[in-house]
There are 2 protein chains.
Amino acid sequence: MDKPEIQDDSSEQRIFDAAHEVFVQKGLHGAKMQEIADRAGINKALLHYYYRSKEKLYETVVRAVINRVLPVLRDLLESDKPLLEKIDYFIHFYLQTVSKNPFVPLFLINEMNKNPDHFFETIFPKELPKPDRFFQQVQSAVEAGEIKPITPQHLIVNVISMCIFPILARPMLGVILGMQAHDMRAFLNQREVEIRSFVHAALRPAP
Amino acid sequence: MDKPEIQDDSSEQRIFDAAHEVFVQKGLHGAKMQEIADRAGINKALLHYYYRSKEKLYETVVRAVINRVLPVLRDLLESDKPLLEKIDYFIHFYLQTVSKNPFVPLFLINEMNKNPDHFFETIFPKELPKPDRFFQQVQSAVEAGEIKPITPQHLIVNVISMCIFPILARPMLGVILGMQAHDMRAFLNQREVEIRSFVHAALRPAP
DNA sequence: GTCTATAAAGGGATAGAC
DNA sequence: GTCTATCCCTTTATAGAC
């Protein structure tokens, strides 16, 4: 039951899927309505029949992408699982999701940077993930001597950074580290265990 | 002596500066020649007089940005300073540079992802930073028991990720962590010391 | 609902005067 | 070197037939 939506192949759905693909890869201005229509196998006029304008179609896609990504972050911040278990799961899940859709993080980052007001005021859901539970868990773990003292905000940012950034910078990493596509896939697959052990090592209490 | 180029206010220079600003913030397709001309305080036709086409002007900007960013990476990888000192300096310098030009990393990441062939085959310098020296230093430090065993490739990726990603995701972090612009600046300023201590902690040899 | 044809606007590029 | 005017292709959007 991964996808509650009906996976029909109605024109509306086909248009949405095509738009998703094109917008995520090329951005608002890079995407052309003609290409979306071609990829959906229908006519340009039909795009406007279902979604009134390019902007509207774009917004639909952005909203869908956000709603697919946000629950994982919410789980990291709000769920009651033990701290390290949560972090490990988050790393696992984000790396997995992102390796299937490598353009999604870049797409979202662009959107929030180019048009922050529109992004957060009209597209983003009003019920934000609340980080308090997570902060509190870190606090407790520090006091119990289970982990080294650390600011929870920085911890979470560190973990997310190490998961997502390598995907964004993949082309550059390939060139600098001299990796072919094949080595790069292997490298990215190793990252789950590497990030986990790096984070665990950083959190070890001082002797 | 930060900038060897002459900082004249010739039309050519003004056009370049304006183009830099607009392209870096809006990307190739988002940027309009009219806006660049307006910002440079000259006419659209003059853009074509100095730089034959939009593409050419864009490429000039991309090349300039790369050449400003690359030396720091080269220093991290190739210089002979002790490992931890190099890492600390890299963190310091990148955070400083990037906080002054927050859009530059996103600009480069977009460029390399949307058009990797053009980026690496025709724009990127042929003499790549070579990571061998850095790898070797990590290797030695591990063997000498100075740091915990770690794959050098992952170490470097971890450090760069933690430096750059928070800038990319800043708008989101602000919203999720409930920070205003002021808190966010403070937070980003703390990162230098936080990243450094996180990395040092992760590298502590096991007892 | 889906198409063809076309309007309307936008934006890169050039001609030619000064 | 710099400007005004204009060309013309691209792209979004609509009208109207089926």
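Lettering follows sequence order; numbering is per chain, from 1.
- The phosphate of D:dT14 has neither OP1 nor OP2 within less than 4.0 Å of any side-chain N or O from A:His48.
- Judged as a salt bridge (Lys or Arg N to Asp or Glu O under 4.0 Å), the pairs with a partner in residues 56-67 of chain A (not counting sequence neighbours) are, in order, A:Glu59-A:Arg63.
- Rounding to whole angstrom units, CD of residue B:Gln13 and C1' of D:dG1 are separated by 17 Å.
- Distances shown here put a side-chain N or O of B:Ser11 below 4.0 Å from the OP1 or OP2 atom of D:dT2.
- When the P atom of D:dG1 is taken as reference, atom CG of B:Asp9 falls 14 Å away, rounded to whole Å.
- Rounded to whole Å, the distance from CG on A:Leu47 to C1' on D:dT14 is 13 Å.
- Applying the salt bridge (Lys or Arg N to Asp or Glu O under 4.0 Å) test to residues at least two apart or on different chains, the pairs with a partner in residues 80-107 of chain B are B:Asp75-B:Lys81, B:Asp80-B:Arg133.
- Residues that satisfy the side-chain contact (heavy atoms from CB on, under 4.5 Å) test with B:Thr151, not counting sequence neighbours, are A:Glu194, B:Gln153, B:His154.
- B:Glu55 has its CD atom 11 Å from the C1' atom of C:dG12, to the nearest Å.
- Rounded to whole Å, the distance from CG on B:Leu46 to C1' on D:dT4 is 13 Å.
- For residues 21-44 of chain A, every residue pair satisfying the salt bridge (Lys or Arg N to Asp or Glu O under 4.0 Å) rule, not counting sequence neighbours, is listed here: A:Glu21-A:Arg39, A:Lys26-A:Glu35, A:Glu35-A:Arg39.
- If you check residues 32-42 of chain A against DNA chain D, the residues with a heavy atom closer than 4.0 Å are A:Lys32, A:Met33, listed by number.
- Applying the salt bridge (Lys or Arg N to Asp or Glu O under 4.0 Å) test to pairs two or more places apart or on separate chains, none has a residue in residues 119-130 of chain B.
- Atom NZ of A:Lys44 is separated from atom P of D:dA15 by 15 Å (rounded to the nearest Å).
- Taking the side chain of B:Ala45 as heavy atoms from C-beta on, and the options D:dC3, D:dG1, D:dT12, the nearest nucleotide is D:dC3.
- Remark: C1' of D:dT11 and CZ of A:Phe23 are 13 Å apart, rounded to the nearest angstrom.
- The side chain of A:Lys54 approaches D:dA13 more closely than any other nucleotide in the set D:dA13, C:dT2, D:dT2.
- Side-chain atoms of B:Ser53 lie closest to C:dA13 of the nucleotides D:dT12, C:dA13, D:dT4.
- In this structure, A:Phe90 has its ring center under 6.0 Å from that of A:Tyr94.
- Within 4.0 Å of A:Tyr49, counting heavy atoms only, lies at least one base atom of the nucleic acid.
- Nearest approach of B:Lys148 to A:Ala201, heavy atoms of both residues: CE-CB, 3.8 Å.
- Rounded to whole Å, atom P of D:dA13 lies 18 Å from atom OH of A:Tyr50.
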